[in-house]
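Here is the structure we will look at, set down as structure tokens.
Convention: sequence-line order gives letters A, B, ...; per-chain numbering from 1.
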There are 2 protein chains.
Amino acid sequence: MIAATQSNHPLATVSDPVPAVSAMNEARARIRLAGLRITKPRLAIIDALLRRHGPSSTEHIHQEMGARRCDMVTVYRCLAAFEQLGMVRRSYLHNGTCLYELTLGAAARHYHIVCKACGSPERVDYLPVKGIEQLLQDRGYTEVSHVVEFFGICPKCQPATARGVSVTVPADLRA
Amino acid sequence: MIAATQSNHPLATVSDPVPAVSAMNEARARIRLAGLRITKPRLAIIDALLRRHGPSSTEHIHQEMGARRCDMVTVYRCLAAFEQLGMVRRSYLHNGTCLYELTLGAAARHYHIVCKACGSPERVDYLPVKGIEQLLQDRGYTEVSHVVEFFGICPKCQPATARGVSVTVPADLRA
DNA sequence: CGGTAAATTCCAAGTCTTGCATGATTATCA
DNA sequence: TGATAATCATGCAAGACTTGGAATTTACCG
């Protein structure tokens with residue numbers, strides 16, 4: 001699929017949930033447990049995600065890999081694999097682009113509101129979806145999952161968009 | 001954006017909300033009211049959506065336009081415009097592809113559960129999201145909207161996927 | 001250390017998005 | 001009502017992102 005047109009969006013760095021070392025060990029364990037192999041690109045991708053502490057674009061991950069950089073195709077495939085393992089969760093941007101976020105530790109499910117102007121995500125703690133999933137299982141569905149995304153114009157971007165000014169993003173925040 | 005890789009998914013035809021004629025008139029009025037122009041491609045797209053009575057893929061819409069067919073680019077642009085007017089709502093499939101659905105008349109907001117195997121959507125009536133949107137507005141966000149999608153394996157597809165059989169879709173249901 | 005199978009890479013195709021020039025629609029005016 | 005001008009919409013071409021396949025490389029097990 002062509003997942004979405006990509007504009008690069010700056011990302012807000014959010015709070016730190018788990019010490020990086022144990023998180024990395026947990027990641028290795030989960031990969032191994034699933035019968036997958038621990039490879040340099042995979043470790044580098046997890047490392048990049050850990051350093052960001054929040055949703056990252058594929059591009060950002062790729063750049064963040066530095067010397068251990070691998071093919072873009074590998075990034076996509078690894079993230080897809082991680083997602084199936086439940087190690088990574090996707091957020092969808094308003095334009096269809098995706099961001100990826102590690103879900104290690106006992107991190108509770110949370111959602112994001114993404115600014116339609118600058119693309120920065122912010123956490124939304126909110127949970128009343130579990131009941132619906134149960135209801136759907138009662139309907140006969142299995143492997144039930146869901147996607148919830150909120151979109152809006154964040155306070156910072158409001159004067160700008162109101163004046164019709166295009167919001168430009170500092171280059172160092174991109175990807 | 002590259003919205004998503006596209007696999008074509010069959011679509012369930014759902015119930016009929018509004019008489020087609022008045023719906024078409026309402027659509028024309030809303031386009032005109034927004035200061036946009038009424039063109040042949042736009043009318044053909046709305047017509048295709050009306051005939052489907054449910055979420056449609058861009059491909060399906062394009063094929064359904066028949067003699068009045070226009071460029072695919074136009075379909076994308078028109079749907080994007082309609083979405084901004086609130087005349088059309090997007091559903092996201094599990095693979096990132098989108099389906100578009102008309103929201104005319106007094107049609108209440110509803111959601112979908114999409115089968116990860118065969119792609120057919122089914123309605124989910126469910127509403128407790130309004131409170132969150134209010135909360136986000138109190139946080140300073142404007143133009144708040146949201147996306148909610150549920151995914152799972154529908155009852156019909158379960159024996160098939162359990163046996164590892166790939167689910168093939170009749171050609172006449174495609175696009 | 002060698003063998004097996006998975007993972008990565010490169011190449012290619014497919015889909016969606018954006019820029020620019022052309023064509024169509026709407027409003028204005030006679 | 002009919003013609004003209006302004007502006008929006010469309011079509012085409014180019015560009016970007018994502019996915020699939022085949023061959024090579026790498027990780028893991030004995």
Can you find a side chain N or O atom of A/R42 that sits less than 4.0 Å from OP1 or OP2 on D/dT26? no
Heavy-atom nearest nucleotide on DNA chain C taken for B/I38 and for B/V73; more 5' hit belongs to B/V73
Check the distance between C/dC16's P and B/L99's CG and give it to me in whole angstrom. 11 Å
Please answer whether the main-chain N or O of A/C78 pairs with a side-chain N or O of A/R42 as donor and acceptor at a distance below 3.5 Å. no
Compare side-chain N and O positions of B/T74 against OP1 and OP2 of D/dG11 and report whether any pair is under 4.0 Å apart. yes
Between P on D/dC12 and CZ on B/R69, what's the gap in Å once rounded to a whole number? 14 Å
Can you tell me the distance, in whole Å, between the NE2 atom of A/H62 and the P atom of C/dT8? 13 Å
Counting distance only, does the side-chain N/O of B/T103 pair as donor-acceptor with the main-chain N or O of B/M87 below 3.5 Å? yes
d(CG, A/L43; C1', C/dT8) in whole Å: 14 Å
Does A/R37 get its side chain close enough to the base of C/dA5, under 3.5 Å, for a donor-acceptor pair? yes
Atom CZ of A/R68 to atom C1' of C/dA7: distance rounded to whole Å? 17 Å
Whole-Å gap separating P (D/dA13) and CE (B/M72): 17 Å
For A/Y100 together with A/H60, are the ring centres under 6.0 Å from each other? no
Have a look at B/I46 and tell me which of B/I38, B/V88, B/L102 forms a side chain to side chain contact (heavy atoms under 4.5 Å, CB included) with it. B/L102
Rounded distance (Å) that lies between atom C1' of C/dG14 and atom CD of B/E59: 10 Å
Checking only heavy atoms, does the side chain of A/R77 share a donor-acceptor pair with the base of C/dT9 at less than 3.5 Å? yes
Take the protein atom CG of A/L79 and the nucleotide atom P of C/dT8, then report the distance between them rounded to whole Å. 11 Å
Between the side chains of B/E149 and A/H146, is a donor N or O closer than 3.5 angstrom to an acceptor N or O? no
Measuring from the side chain of A/D71 (C-beta onward, heavy atoms only), which nucleotide among C/dC10, D/dA9, D/dC28 has the closest atom? C/dC10
Please determine if a side-chain N or O atom of A/T39 lies less than 4.0 Å away from the OP1 or OP2 oxygen of C/dT8. yes
